Amino acid sequence: MDVRDHLRTALQEALTAAGIDPLPEEIALERPANRDHGDWSSNVALATAKNAGRNPRELGQQLCDALNENPPVHVTSVEIAGPGFVNFRLADTWLYDVLGDVLDQGVDSYATPDLGGGKHVNVEFVSANPNKPLHAGHGRGACYGDSIARLKERCGFEVTRETYINDRGVQMKNYAASLAASKAGQPIPEDGYQGAYIHEWADEMPVGADPLEWGLERGMDSHRATLEALDIHHEIWFSERSLVANEKINAALADLRSHGAVFEEDGAVWLRTTDFGDDKDRVLVKSDGDLTYLTPDIAYHREKFERSDLLFNVWGADHHGYVARMKAAMQLLGHDPDELEIAITQMVDFVKDGEPMKMSGRSGNQIDLDDIIAEVGPDAARFTYLMQSVDSRQTFDLDEVASRAMDNPVFYVQMAHARICQILVKVAEAGIERLPLADVDTSLLTHERELDLLRSLDTLPDTVRIACEDNGPHRVSAWAREQAAALHGFYHDCYVMGDGVSAELTQARLALVAASQVGLQIALQLLGVSAPESM
RNA sequence: GCGCCCGUAGCUCAGCUGGAUAGAGCAUCUGACUACGGAUCAGAAGGCCGGGAGUUCGAAUCUCUCCGGGCGCGCCA
């Protein structure tokens, strides 16, 4: 049982004894930033005093007295502090419980808060045009979307990873015409695509192939290979054309009409998205009879809802203006707005040799994601993309990220894992076998380095929960860095075996190291970064 | 003009539902190696949290306003 449950129960009893009624719905407990304030702290006296017409400091004192009278398990003392905080000091035994939890539950079960309850969520990300290679900015959305999917899987959701292919419309025609022109040795059309890749791909194209069909496959293959390098796999590559072929667009239009959300004006067909907060209504069918981009996309989202409880989209910053209309469209179809979540990833600036990176020659006007991966490697690329919140613009410095030194966070974290593996190897070579935890005297773990590792491990379940609720995988990378720092410190000061280390202490430290390995593996798995055994 | 995101240490960034003396990494300076990989560890220094006002016992966090930056604002995709 989580130590917090014990503390909460005890606080509830103390509140009741102090005459507080009704009891607060939630009793907040936190680990104070300042260790002088104890191991755990609650602001419950501050939060309830006002409604109860009490002085917070007095109420807090009353709670402390009651709790000291009959202290919860692990608790050595309870103190009132500041304006009315109730601070708990705990014996280190509470951390030994954490060690037991980590090792009992292991990589598959530790830090798996059930937030999804088995609900099915469709995570759509990347969704790039297949007419050119993925660019470096796509990398952020790709790594972010995949990590969101991993977080949701860990937190009890059924997840489908999906990407949408814009395989119809003007851009595809221009792309096909560009391939055909290059193949024929003619200049690329004015509104065609200029990058070197067009010529490379045209060279590969068999004579007589349909440039549109062949080019579509070629573009998708390119995307697939790039994503594969990052260990990202979409279960579904959804074709926009298939919506037309399967009458899905007409069905969506009919559905919208039946909800009274469609009207005609100036020869065009409009959707009344202003009913749900959009700043203007949107055209579905242009006066020339063509569909806008929005219409198949609505049909697509409607289709996704037929096979999912929840939708999660990852879009680039340049599409944020599109959010309101899509959410409005889904509400016009009768969906709850919370069922469609749209995350916007801000832009990334790439720096190399201290200079803003130039557009690559290969694709003309973009930096290719392939080049970034080739430059820094997939692990460093993923970790870096996920190191900060997608809400703010990112500066991706290739020199820092490519460095194989400890000033590079990804190597710092991976090195921590590799060190653990090396310790386990050395210990095994020495003929020492790790005993079951029941046979280990965990109370030998008293060094601050050891306790820090356990304190950090204790925060992993909350970190995973918050990362999932908040759609912030960067919280996991921050945790991984913290755990790695604790591990390196431990490694420096605490030897698992050798002179002056008793057999019993070796066993206790082995358990600790194994638990740390579990934590790091969980974090790295969520980030999609490998956990190497050596470096 | 309107909308979304951002503004925190020299640099890159954290900071869950408002909590106590605002954190980390890099860079800088100073220390620590006869043992599991020193590819490490420890210490120092570095801040009107963009400005102002408000709400609150308490604001980096919430509200308003101003300033600065990015991205959008089409019967393009």
Side-chain angles (χ1 to χ4, degrees), chain A residues 26 28 30 32-34 36-37 41 43 46-47 49-50 55-57 81-85 87 129 166 168-172 240 265-270 278-280 282-294 296-297 316-324 344-347 349 351 387-397 400 403-409 411-412 415-416 418-420 422-427 429-430 449 462-463 465-467 469-470 472 474-475 477-478 481-482 485 487-501 506 509 513 534-535:
Chain A
E26 282 207 14
E30 61 172 21
N34 186 338
D36 292 342
H37 296 144
S41 177
N43 65 356
L46 288 159
K50 193 170 186 185
N55 175 305
R57 178 91 195 185
F85 292 102
N87 292 343
N129 279 322
N166 305 116
R168 73 172 261 294
V170 179
Q171 296 192 16
M172 276 309 284
E240 182 182 355
E265 195 174 286
D266 300 332
V269 179
W270 297 71
D278 198 3
D279 55 352
K280 56 187 84 161
R282 304 295 170 177
V283 172
L284 293 169
V285 185
K286 297 186 255 182
S287 49
D288 66 4
D290 277 352
L291 302 172
T292 62
Y293 176 83
L294 178 64
D297 213 9
D318 55 341
H319 280 71
H320 80 261
Y322 202 73
V323 173
I344 300 296
T345 62
Q346 297 298 318
M347 300 186 70
D349 299 312
V351 172
M387 215 158 46
Q388 74 181 72
S389 162
V390 291
D391 285 342
S392 53
R393 192 171 175 125
Q394 178 170 38
T395 303
F396 192 125
D397 186 327
E400 273 177 30
S403 137
R404 293 187 57 85
M406 287 294 197
D407 58 355
N408 181 349
F411 285 105
Y412 186 82
M415 185 63 193
R419 282 194 148 161
I420 289 169
Q422 294 309 306
I423 291 170
L424 297 177
V425 167
K426 292 278 179 191
V427 167
E429 282 172 3
R449 298 293 205 177
D462 265 355
T463 299
R465 177 182 57 77
I466 292 169
E469 287 173 345
D470 240 31
H474 69 283
R475 294 174 186 280
S477 61
R481 295 170 73 178
E482 175 192 305
L487 189 280
H488 288 306
F490 164 83
Y491 181 89
H492 189 265
D493 289 350
C494 304
Y495 290 88
V496 170
M497 63 176 188
D499 296 345
V501 181
T506 293
R509 286 180 172 169
V513 162
S534 64
M535 296 191 62

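What you are looking at is a predicted structure, and each value in this text was computed from that prediction instead of being measured.
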A.B. asks: Start with the C-alpha gap between A:Thr292 and A:Arg282, add the side-chain angles, then the distance that decides, and say whether side-chain contact (heavy atoms from CB on, under 4.5 Å) holds.
C.D. replies: CA-CA 9 Å; A:Thr292 62; A:Arg282 304 295 170 177; over 6 Å; no
A.B. asks: Could you give the distance separating B:rC13 and B:rA9 at their C1' atoms, to the nearest angstrom?
C.D. replies: 11 Å
A.B. asks: Given B:rC13, B:rA77, B:rC16, identify the nucleotide with an atom nearest to the side chain of A:Asn129.
C.D. replies: B:rA77
A.B. asks: For a quick check of understanding: with a heavy-atom distance under 4.0 Å over all strands, which category does A:Arg282 fall into, base, sugar-phosphate or nothing?
C.D. replies: nothing
A.B. asks: In whole Å, what separates the C1' atom of B:rG69 from that of B:rG74?
C.D. replies: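 These two C1' atoms come out 26 Å apart once rounded.
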A.B. asks: Would you kindly give the CE-to-P distance between A:Met415 and B:rC41, to the nearest whole Å?
C.D. replies: 10 Å
A.B. asks: For the side chain of A:Gln388, starting at C-beta, report the closest nucleotide among B:rC75, B:rA14, B:rU21.
C.D. replies: B:rA14
A.B. asks: Nearest to the A:Glu26 side chain among B:rU17, B:rA14, B:rG70, which nucleotide is it?
C.D. replies: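 Nucleotide nearest to A:Glu26's side chain: B:rU17.
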A.B. asks: Measuring to OP1 and OP2 of B:rC13, would you say a side-chain N or O of A:Ser477 lies under 4.0 angstrom away?
C.D. replies: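 For B:rC13, OP1/OP2 do not have a side-chain N/O of A:Ser477 under 4.0 Å.
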A.B. asks: By nearest heavy atom, map A:Arg465 and A:Asp290 onto RNA chain B; which one lands nearer the 5' end?
C.D. replies: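 Its nearest nucleotide lies further toward 5', so the answer is A:Arg465.
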A.B. asks: Any side-chain N or O of A:Arg449 below 4.0 angstrom from OP1/OP2 of B:rA42?
C.D. replies: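 For B:rA42, OP1 or OP2 has a side-chain N or O of A:Arg449 closer than 4.0 Å.
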A.B. asks: Respond yes when some side-chain nitrogen or oxygen of A:Thr395 is under 4.0 Å from OP1 or OP2 of B:rC13, and no when none is.
C.D. replies: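 Checking A:Thr395 against B:rC13: at least one side-chain N or O falls below 4.0 Å of OP1 or OP2.
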A.B. asks: Decide yes or no, distance alone: a donor-acceptor N/O pair under 3.5 angstrom between the base of B:rA20 and the side-chain of A:Asn87.
C.D. replies: yes
A.B. asks: Would you please enumerate the stems RNA chain B participates in, each stem being three or more consecutive Watson-Crick or G-U wobble pairs with both distances under 3.5 Å?
C.D. replies: B:1-7 with B:67-73, B:10-13 with B:23-26, B:28-32 with B:40-44, B:50-54 with B:62-66
A.B. asks: Does the ring of A:Phe85 meet both stacking tests against the six-membered base ring of B:rG19: centre distance under 5.5 Å and plane angle under 30°?
C.D. replies: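 No.
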A.B. asks: Where the side chain of A:Gln388 meets the backbone of A:Arg393, is there a donor-acceptor pair that is under 3.5 Å apart?
C.D. replies: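 At least one qualifying donor-acceptor pair exists.
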A.B. asks: Starting at atom CD of A:Glu400, determine the distance to atom P of B:rC11, rounded to an integer number of angstrom.
C.D. replies: 14 Å
A.B. asks: For B:rA24 and B:rA32, measure between their P atoms and round to the nearest Å.
C.D. replies: 23 Å
A.B. asks: Could you check how far CH2 of A:Trp270 sits from C1' of B:rG74, rounded to whole Å?
C.D. replies: 10 Å
A.B. asks: Is there a side-chain polar atom (N or O) of A:Arg475 under 4.0 Å from OP1 or OP2 of B:rG15?
C.D. replies: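 Checking B:rG15 against A:Arg475, a side-chain N or O does come within under 4.0 Å of OP1 or OP2.
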A.B. asks: Would you say A:Asp266's side chain and A:Ala268's backbone share a donor-acceptor pair under 3.5 angstrom?
C.D. replies: no
A.B. asks: Check whether any side-chain nitrogen or oxygen of A:Arg419 sits under 4.0 Å from OP1 or OP2 of B:rG38, and answer yes or no.
C.D. replies: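 Yes.
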A.B. asks: Is A:Pro83 close to A:Leu46 at the side-chain level, that is, under 4.5 Å between some pair of heavy atoms?
C.D. replies: yes
A.B. asks: Roughly, in whole Å, what's the span from CD1 in A:Ile466 to C1' in B:rA14?
C.D. replies: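 From A:Ile466 CD1 to B:rA14 C1': 13 Å.
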A.B. asks: How far does the C1' atom of B:rA44 sit from the matching atom of B:rC49, given to the nearest Å?
C.D. replies: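 Nearest-Å result for B:rA44 against B:rC49 at atom C1': 23 Å.
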A.B. asks: Check the pair A:Thr395, A:Asp349 against side chain to side chain donor-acceptor pair (under 3.5 Å), reporting the backbone distance first and the verdict last.
C.D. replies: CA-CA 5 Å; A:Thr395 303; A:Asp349 299 312; 4.6 Å; no
A.B. asks: Looking at B:rA77, I'd like to know if its phosphate oxygens (OP1 or OP2) sit under 4.0 Å from a side-chain N or O belonging to A:Tyr322.
C.D. replies: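 The answer is no; no side-chain N or O of A:Tyr322 sits under 4.0 Å from OP1 or OP2.
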A.B. asks: Sticking with atom C1', work out how far B:rU30 lies from B:rA45, rounded to a whole angstrom.
C.D. replies: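 The same atom, C1', in both gives a distance of 11 Å.
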A.B. asks: Can you check the distance between B:rA27 and B:rU65, where both ends of the measurement are the C1' atom (answer in whole Å)?
C.D. replies: 37 Å
A.B. asks: Between B:rA77, B:rC36, B:rA20, which one does the side chain of A:Tyr495 approach most closely?
C.D. replies: B:rC36
A.B. asks: Using only modelled atom types and a 3.5 angstrom limit, is any donor from either the side chain of A:Thr292 or the base of B:rC75 paired with an acceptor on the other?
C.D. replies: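 There is none.
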A.B. asks: Looking at every non-hydrogen atom in both residues, tell me the closest pair between A:Arg168 and A:Pro296 and how far apart they are.
C.D. replies: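 Where A:Arg168 meets A:Pro296 most closely, the heavy atoms are NH1-CG, 3.7 Å.
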A.B. asks: Round to a whole Å and report the spacing from NE2 of A:His474 to P of B:rG25.
C.D. replies: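 Taking NE2 of A:His474 and P of B:rG25, I get 17 Å after rounding.
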A.B. asks: Would you indicate whether A:Glu429, at its atom CD, is surrounded by more than 12 heavy atoms from other residues, nucleotides or ligands within a distance under 6.0 Å?
C.D. replies: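 Buried by this count: over 12 neighbours within 6.0 Å.
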A.B. asks: Could you give the CD-to-P distance, from A:Gln346 to B:rC71, as a whole number of Å?
C.D. replies: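 Nearest whole value for this atom pair: 10 Å.
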A.B. asks: Tell me the interatomic distance from A:Asn34, atom CG, to B:rG23, atom C1', rounded to whole angstroms.
C.D. replies: 13 Å
A.B. asks: Have a look at A:Ala33 and say if it touches a base, only the backbone sugar-phosphate, or nothing, with a 4.0 Å heavy-atom cut-off.
C.D. replies: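 Contact class for A:Ala33: none.
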A.B. asks: Given the C1' atoms of B:rC71 and B:rU8, what is the spacing between them in whole Å?
C.D. replies: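 It works out to 22 Å between them.
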A.B. asks: Have a look at A:Ala317 and say if it touches a base, only the backbone sugar-phosphate, or nothing, with a 4.0 Å heavy-atom cut-off.
C.D. replies: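 Sugar-phosphate only.
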A.B. asks: Can A:Tyr491 and A:Val513 be said to form a side-chain contact (heavy atoms from CB on, under 4.5 Å), step by step?
C.D. replies: CA-CA 9 Å; A:Tyr491 181 89; A:Val513 162; over 6 Å; no
A.B. asks: If you find the nucleotide of RNA chain B closest to A:Cys494 and the one closest to A:Lys286, which residue's nucleotide is nearer the 5' end?
C.D. replies: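 That would be A:Cys494.
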A.B. asks: Classify the side chain of A:Ser389 and the base of B:rA14 as holding, or not holding, a donor-acceptor pair under 3.5 Å.
C.D. replies: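 Side chain to base: no pair below 3.5 Å.
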A.B. asks: Taking atom C1' in both B:rU28 and B:rG46, compute the distance separating them and give it to the nearest angstrom.
C.D. replies: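 Looking at atom C1' only, B:rU28 and B:rG46 are 10 Å apart.
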A.B. asks: Send over the distance from A:Tyr491 OH to B:rC41 C1', rounded to a whole Å.
C.D. replies: 12 Å
A.B. asks: Below 3.5 Å is the cut-off: list the nitrogen or oxygen pairs between protein and nucleotides 54-62 of chain B, distance only.
C.D. replies:
residue : atom : partner : partner atom : Å
B:rC57  : OP1  : A:Lys50 : NZ           : 3.2

A.B. asks: Within the structure, does a side-chain N or O atom of A:Lys426 lie under 4.0 Å from either OP1 or OP2 of B:rA35?
C.D. replies: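 Answer no for this pair, as no side-chain N or O of A:Lys426 is under 4.0 Å from OP1 or OP2.
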A.B. asks: Is A:Thr506 reaching over with its side chain to a backbone N or O of A:Val496, donor-acceptor style, under 3.5 angstrom?
C.D. replies: yes
A.B. asks: Choose from B:rC71, B:rA14, B:rC75 the nucleotide whose nearest atom is closest to any side-chain atom of A:Asp318.
C.D. replies: B:rC71
A.B. asks: Got a donor-acceptor contact below 3.5 angstrom from the A:His488 side chain to the A:Met415 backbone?
C.D. replies: no
A.B. asks: Measure from the side-chain N and O atoms of A:Asn87 to the backbone N and O of A:His37, and report whether any donor-acceptor pair falls under 3.5 Å.
C.D. replies: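 It does hold such a pair.
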A.B. asks: Mind checking what makes side chain to side chain donor-acceptor pair (under 3.5 Å) contact with A:Gln346, not counting sequence neighbours?
C.D. replies: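 Per chain and number, A:Gln346 pairs via side chain to side chain donor-acceptor pair (under 3.5 Å) with no residue.
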A.B. asks: Just compare B:rA20, B:rA77, B:rG70 and give me whichever is closest to any side-chain atom of A:Gln171.
C.D. replies: B:rA77
A.B. asks: How far apart are the C-alpha atoms of A:Asn166 and A:Gln171, what are their side-chain angles, what is the distance that settles it, and do they pass the side-chain contact (heavy atoms from CB on, under 4.5 Å) test?
C.D. replies: CA-CA 9 Å; A:Asn166 305 116; A:Gln171 296 192 16; over 6 Å; no
A.B. asks: With a 4.0 Å cut-off on heavy atoms, is A:Asp266 in touch with a base, just the backbone sugar-phosphate, or nothing at all?
C.D. replies: base
A.B. asks: I'd like to check, for A:His37, whether its ring lies over the base of B:rA20 with centroids under 5.5 Å apart and a plane angle smaller than 30°.
C.D. replies: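 Yes, A:His37 stacks on the base of B:rA20.
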